[in-house]
Structures are given as structure tokens and as C-alpha cells.
Amino acid sequence: MKEGNILASGNGNHDEQLYKLRHSTAHVMAEAVLDMFPEGKLAFGPPIENGFYYDFDLPRALTPEDLEEIEARMKEIIKGDYAFEQRDVDVAEAKRMFAGQPYKIDQIEKLASGEEDEHGESGARPVSHMSIYTHDHFTDLCRGPHVERTGQIPDNAFKLLNIAGAYWRGDENQPMLQRIYGTVWPSRKDLKKYLAWLEEVEKRDHRKLGKELDLFSFHEDAGAGLVYWHPKGARIRAIIEDFWRQEHYKGGYDVVYSPHIGRSRLWERSGHLDFYADAMYSPMDIDGIDYFIKPMNCPFHIKMYQSKRRSYRELPLRWAELGTVYRYERSGVLHGLMRVRGFTQDDAHIFCTPDQVEDEIVEVLRFSLRLLEAFGFEDFKAYLATRPESAVGEPARWDQAIEALKRAIAEEGLPYEIDEGGGAFYGPKIDLKLRDALGREWQTTTIQFDFNMADRFELSYIGPDGFEHRPYMVHRALLGSIERFFGILVEHFAGAFPVWLAPVQAALIPIADRHIDYARQVAAQLRQADLRVEVDESGDRMQAKIRAAQLQKVPYMLVIGDREVESEAVAVRLRNEKNLGAQSISEFVAMAQEAVAEKRDL
RNA sequence: GCCACCCUAGCUCAGCAGGUAGAGCAAGCGCCUUGUAAGCGCUGGGUCGUCGGUUCGAAUCCGACGGGUGGCUCCA
């Protein structure tokens, strides 16, 4: 997950300034840290989106109190207004200067040998000189650029945010370093804006809202990463799934169901046991035969394909399934609904002839965008993932498939980036990321070109020539995982779901107990009109009932007192605090149904 | 899995120089019968994540395990 750039200036010069500011602040922080820990070892400290970090190897673990002290020291360095001075040194001098800094020496050697360039990319040319930057008494190996003087860093617009562990060079076999994340902005106002954004992120956290809105839970005593859908969460999920199913039928798909476990031979054949055994749940022994709970649905759909002879005349076959899969995710990566061990893929496999595959991929892209737009998302970006190191299939087929995916993206006019080596072992893929209401990117859709499974299972169809041919497979999930997509929706809407998704669309609020009977009658009528309603029969006063509905983010609050009973009406209040006054039941039904049909907020 | 931190009633949290637990909200009951974001009162509720250790004595100190948070690595 990447944080959105809330300044979103789109101004290249501005970005350059921010880069310098953040990079320079990282250096100032490193100096402050070394002041506190003279024996500390420096690793890398780059600027990043919205801030910077610096990795250190320190004699003890940092505490939040240390951050305050480091910040105070940083302010002094800024006040000192030291110049950032750049110069080039040769390898020998660089090694001398960083003699006590093993990570820097490592970097110098990698640069000198050409093993890595200054971006950490491999295959660079050996260099004889390298750039260093000095300010005050701190020097770092660095290609810059920096601001001219430390005094140009606004001392009231930076903040150290948190401490985290990070492996040296991102390699889990290397030492664990301590990383300090910080943020810095051109002005105090910008910093405040960013901190407010972070607060908003926290407020919308789906784990917090999930609890407050009674949508789902996890149970440590019953297993980590396994989701329990409460009635209200399940209600929303059912709506999503119903909509999904209808759209798929309309889009020329068929919906299928498959088992949750399968014999080991299935997973050997598919290659999953070779490539992903570590991430699969351990086998269970049934009558002396190993069965695995499924980490993917594809082998099952393949078995169905094989259930009879296929003709080119019935292709493409588009089989979709809301298939729940289980994967053993390492404990440290679990995160609310976003990363779980049991989840439901909105999966589908398309079996087609080689000359159909490109059209199919274009159509899947189109279909996916249409589906996601229905949930209120508008901003998408594509990522084209190419051949990973451990892959099957000849490079020529990969190249051909990648070209096909490129053409599909071009046809939809989507902006895209190449994700080098990010493909699945069985084929390249297009991932879609959407941007949510806070500007954050989330990966949902994945469309994978798979020319491996069909080979492994020796799939075939009879062509017009009467001979057997190998079909191509496209593997796709559009919402991704239903659990994760639901979490994204919760955060995107901050729990205030549009009417069509709201688990309770209207809260009926009788002012006094004598209005309860009428409220129940109204509720029955609304249910007949396919609206989801609840009558608040608690002993609370009206104000408290409104507050309760408001906190539950119920779109419509229907207040019922003597006047409404008398005139067979309801007094409509919206969750945005607008008061629409009295409406007849049919008026309200028409309004609510329209909001549902148009998938509107209210 | 790795580093750091955290785990006290359903929820949010207080209790931190070790002397066997509190608040607000929620819940149950009662009073009030109410007009657009919290009416009042009473009551019940916790083997302080689990196990082990130190101690006369542990929610409080130490260790292991489980779960979580922020990152790193990983993500078919």
C-alpha cells in the first residue's frame, strides 16, 4: 500500500524541491542519531513518498523518547545553518573516510566493482569516483542533490514518525537494522495537512470501523487471519456477491462451485506443491492419502474442463467462482481483512483458443473496470508484470503473451507501469490498482495469462481440423479477495456505505413507546419494498436514538411521533444531518429505491 | 519468519516506585414518554492473554508461548 501524495502538485520543480528537502532532512537526522550514538553504523537513508527514512545499526533499541531527543538535536543542526558540500572522492579515499562504517564500505565496494549503481540496480559499470556530501561534521556517501544549507529546512515542518525494523539491503538473511521514518514539508501548514491526513487514515481503519459497526471479527483462540462475518458485514458481502454474480452472467460467464480440498496428486500436477508448498496448509491424511486444503481454484476448474471432450465451437468457456482458499501467510504479514489466511477469490478461468485470448483479455479488463466503477471507484492504473526468475515456459511464449497484455492495456487507454519480474511462475499478468477516497492505491484486479496449466494437465479441444489442440487459459480475479475488497470499501466510504450497500438503510425512530406499533407497520411496508430497516425500540430518548443511528452511519433516520402517526408519514433525516421533513411512506420508498438503483450515496 | 512495541470487564482506557483491581460507554432492571447527535438512578460483569520463574506476596519484575500493532521480507 502506497500513501497518496496529498500535495499532488504535479509540478516537477516542486517535486525536485521536496526530494531535496526530504533527502537533506534524512542527513540531518542521521547526524543527530550519530551524535547520540557515536558508535552507530549508517546504512541507507533515502527520501520516500511523503517523507524519508534512515537505517541504522545501533547498540540498543530506540524508544519513542529517543525520537524527541533526536528531533531536538535536529533543530539545533538546522539552526546552525551548515552548508551541504558535495565533492567526488576516489575509491581509496572513500574507504578511508568510512573506515568505521561497514555498510558504507559494502556499498563503496559494490559501486566500485559495478555490482550495483547508486540506485541499487545491478549490472552497472564500475566507477572510480563517488560522490559524498558533508554538512557540519556529518558526511555521507550520497549522489544528492541536497538543499544548499541546513537552515533551508523548516524546523517546524518535520516530524519523526516511527521506528521499525528493516533488513540490510532488504534481505532477510542480512542483519536487522533500526529504521526511523520521518516526514518533512515545505511549511508547517503542509505538515499539519499531512498529519491530519494520517489521522483520517486512522479514523477510517477498517479494523476499528469493523468493530464499531459490528461487521466482522477475528478470534485469537480460534486461529489468526481467519475472518468471522457478523450479520451486518455478511449482509454487505451478500449484496456484493449477488451483484457480482448477476454481472458475470450478463458478461457471458457461467458460475461454478468446486470442493475445498483435493488430493496431493492434483497439487503435484498443478505445480503448486513445487512452487508454493511453504504457503499451503499442511496435508491431512484421509485413508492413507494426503489431501490439501486449496490455495487456489484453478485445478478444480481444470478438472471440470476435462470432464468431457471439448470442441472449438464451445470455446471460450468462462467459469467464475467465489472460491474460498487458504494460504499459510507468515504471522508478521497478517493485517486485518487486508491480509488473511482464509479468503474468497472472485476467481474465474477462461479456456479459449490461442487466437481468442487477446480479445478475452481486453474484455476482462473492460469488465473489471465496469465492475469497480459500480462501487464508486474512478481512478485506475495498470501494472504489467513480466517473467520472474523462477518460471516455467519458453521465453518466446512469455514475450508473445506480454505483447498481448500490452496491447490490451493500450486498447483500454489505461496508464501503466512495468513490474519487472513480477509475474506468476506460469505466466505474465496485468494488475489493476484503484485509488480510494484518500488517494491511496490498492491492488484489486489481477489478469493472468496462463499457458502452463493447460500443458501440465494436457488440456485439449478438437479444432476445426479434427485434431486436438491445446487451449490457452486466462486466470483472473477482479475484486481480488472479497475480504480485502470489503476492507477497502469500509475505508473508502469511512463506513458510510452508499444506500445500496448499507446493511441497515433506514432506522425507524419512535419518539415514545406509543409510536412503536406504527413504526413496526412502517417497517413491514418498507421491507416489502426491499428496504433494510430496523426499529429502535430501546428505552432511549429520541435524541439518543438519532445519535445511535448516526454513529452506525445509517443513511436514513425516520422519526415517528404523534404527527407522523396522524398523517401516516415519516420525518426523514439523512446521515449528512439534512432534515427533509415529513414524507409519505411511498414518497420515501421512491426516494430510497432510486438511491439504491443509482448506487448513490443517499 | 525477523526487529521494536503492546495485550486489564463486551468496547475505550486508568491502575507503572510489587501488597490479590477501577472509570466511562455498552448490557440488565426501574423511573421518565420524550421532536432531530448521549434524561436520571440502581445492578450485574474481570482466574488482569496463557504457562512457567523470581518473591512472604506479581496485573505490576523475568522467560517462553499465543494474539495484535508498526515496519522488513513474502504475497500463486
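Here is how names work: the chains are called A, B, and so on, in the same order as the sequence lines, proteins then strands, and each is numbered from 1.
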For [N] versus [M], give the span between their [atom1] atoms, rounded off to a whole number of Å.
| N | M | atom1 | result |
| --- | --- | --- | --- |
| A17(B) | A76(B) | P | 50 Å |
| A37(B) | G28(B) | P | 24 Å |
| A23(B) | G44(B) | P | 12 Å |
| C48(B) | A14(B) | C1' | 13 Å |
| U47(B) | U43(B) | C1' | 23 Å |
| G49(B) | C13(B) | P | 15 Å |
| C5(B) | C11(B) | C1' | 22 Å |
| A9(B) | A59(B) | P | 14 Å |

Is there a side-chain contact between [X] and [Y] (heavy atoms, below 4.5 Å)?
| X | Y | value |
| --- | --- | --- |
| Phe52(A) | Met29(A) | yes |
| Phe44(A) | Gln107(A) | yes |
| Tyr426(A) | Met473(A) | no |

Please determine whether a side-chain nitrogen or oxygen atom of [X] lies at a distance below 4.0 Å from atom OP1 or OP2 of [N].
| X | N | value |
| --- | --- | --- |
| Arg573(A) | A37(B) | yes |
| Tyr556(A) | U36(B) | no |
| Arg514(A) | U34(B) | yes |
| Lys208(A) | C11(B) | no |

(Q) Atom CZ of residue position Arg265(A) - does it have more than 12 heavy atoms of other residues, nucleotides or ligands inside 6.0 Å? (A) no
Q.
Should the side chain of Glu564(A) and the base of G35(B) be counted as holding a donor-acceptor pair, with the cut-off at 3.5 Å?
A.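 Such a pair is found, so the answer is yes.
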Q: Answer with yes or no whether Arg339(A) presents, from its side chain, a donor or acceptor under 3.5 Å of a partner atom in the base of C74(B).
A: yes
Starting the side chain at C-beta, find the nucleotide from [options] nearest to [X].
| X | options | value |
| --- | --- | --- |
| Tyr276(A) | U36(B), G71(B), A76(B) | A76(B) |
| Tyr167(A) | A76(B), U36(B), G1(B) | G1(B) |
| Arg330(A) | A38(B), C72(B), U73(B) | U73(B) |
| Ala512(A) | C72(B), U33(B), G70(B) | U33(B) |

Tell me what [X] touches on the nucleic acid: a base, only sugar-phosphate, or nothing, going by heavy atoms under 4.0 Å.
| X | value |
| --- | --- |
| Phe275(A) | nothing |
| Ala279(A) | base |
| Gln550(A) | base |
| Arg541(A) | base |
| Tyr181(A) | sugar-phosphate |
| Ala571(A) | base |
| His335(A) | sugar-phosphate |
| Gly170(A) | sugar-phosphate |
| Pro64(A) | nothing |
| Arg207(A) | sugar-phosphate |
| Tyr53(A) | nothing |
| Phe425(A) | nothing |
| Leu334(A) | sugar-phosphate |
| Glu577(A) | base |

Q: Would you give a per-nucleotide map of nucleotides 12-17 of chain B, 5' to 3', where B means the base has a protein non-hydrogen atom under 4.0 Å away, S means only the sugar-phosphate does, and - means neither?
A: S-----
Output the rounded distance in Å from [atom1] ([X]) to [atom2] ([N]).
| X | N | atom1 | atom2 | result |
| --- | --- | --- | --- | --- |
| Asp540(A) | G30(B) | CG | P | 15 Å |
| Asp513(A) | G30(B) | CG | P | 12 Å |
| Glu212(A) | G10(B) | CD | C1' | 14 Å |
| Ile546(A) | U34(B) | CD1 | P | 15 Å |
| Tyr328(A) | A76(B) | OH | C1' | 18 Å |
| Glu220(A) | G66(B) | CD | P | 12 Å |
| Asp55(A) | G71(B) | CG | P | 14 Å |
| Lys545(A) | G35(B) | NZ | P | 12 Å |

Q. Taking atom CG of Asp431(A) and atom CG of Leu384(A), what is their separation to the nearest 0.5 Å?
A.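 It comes to 9.0 Å.
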Q: Pull out every stem in RNA chain B, meaning runs of 3 or more consecutive Watson-Crick or G-U wobble pairs with both distances under 3.5 Å.
A: B:1-7 with B:66-72, B:10-13 with B:22-25, B:27-31 with B:39-43, B:49-53 with B:61-65
Q: With Glu491(A) as reference, evaluate Arg204(A), Arg484(A), Arg440(A) under the salt bridge (charged side-chain N to carboxylate O under 4.0 Å, His left out) test and give the passing residue.
A: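 The residue from Arg204(A), Arg484(A), Arg440(A) that satisfies salt bridge (charged side-chain N to carboxylate O under 4.0 Å, His left out) with Glu491(A) turns out to be Arg440(A).
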Q.
Using the side-chain contact (heavy atoms from CB on, under 4.5 Å) definition, which of the options Met176(A), Gln174(A), Lys41(A) pairs with Trp168(A)?
A. Gln174(A)
Q) Using 30° and 60° as the class limits, which term best fits the ring planes of Tyr281(A) and Tyr328(A): parallel, tilted or perpendicular? A) perpendicular
(Q) Students often mix this up, so state it plainly: with edges at 30° and 60°, are the rings of Tyr276(A) and His272(A) parallel, tilted or perpendicular? (A) tilted
Q) Do the side-chain N and O atoms of Gln448(A) and Thr446(A) include a donor-acceptor pair separated by under 3.5 angstrom? A) yes
Q: Would you please indicate if the ring centroids of Tyr305(A) and Phe457(A) are separated by under 6.0 Å?
A: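 For Tyr305(A) and Phe457(A), the ring centres are not under 6.0 Å apart.
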(Q) Let's go through Ser258(A) and Glu321(A) carefully: what are the C-alpha distance in whole Å and the side-chain angles of both, what is the deciding distance for side-chain hydrogen bond (donor to acceptor under 3.5 Å, both in side chains) to 0.1 Å, and is it a yes or a no? (A) CA-CA 8 Å; Ser258(A) 66; Glu321(A) 173 172 11; 2.8 Å; yes
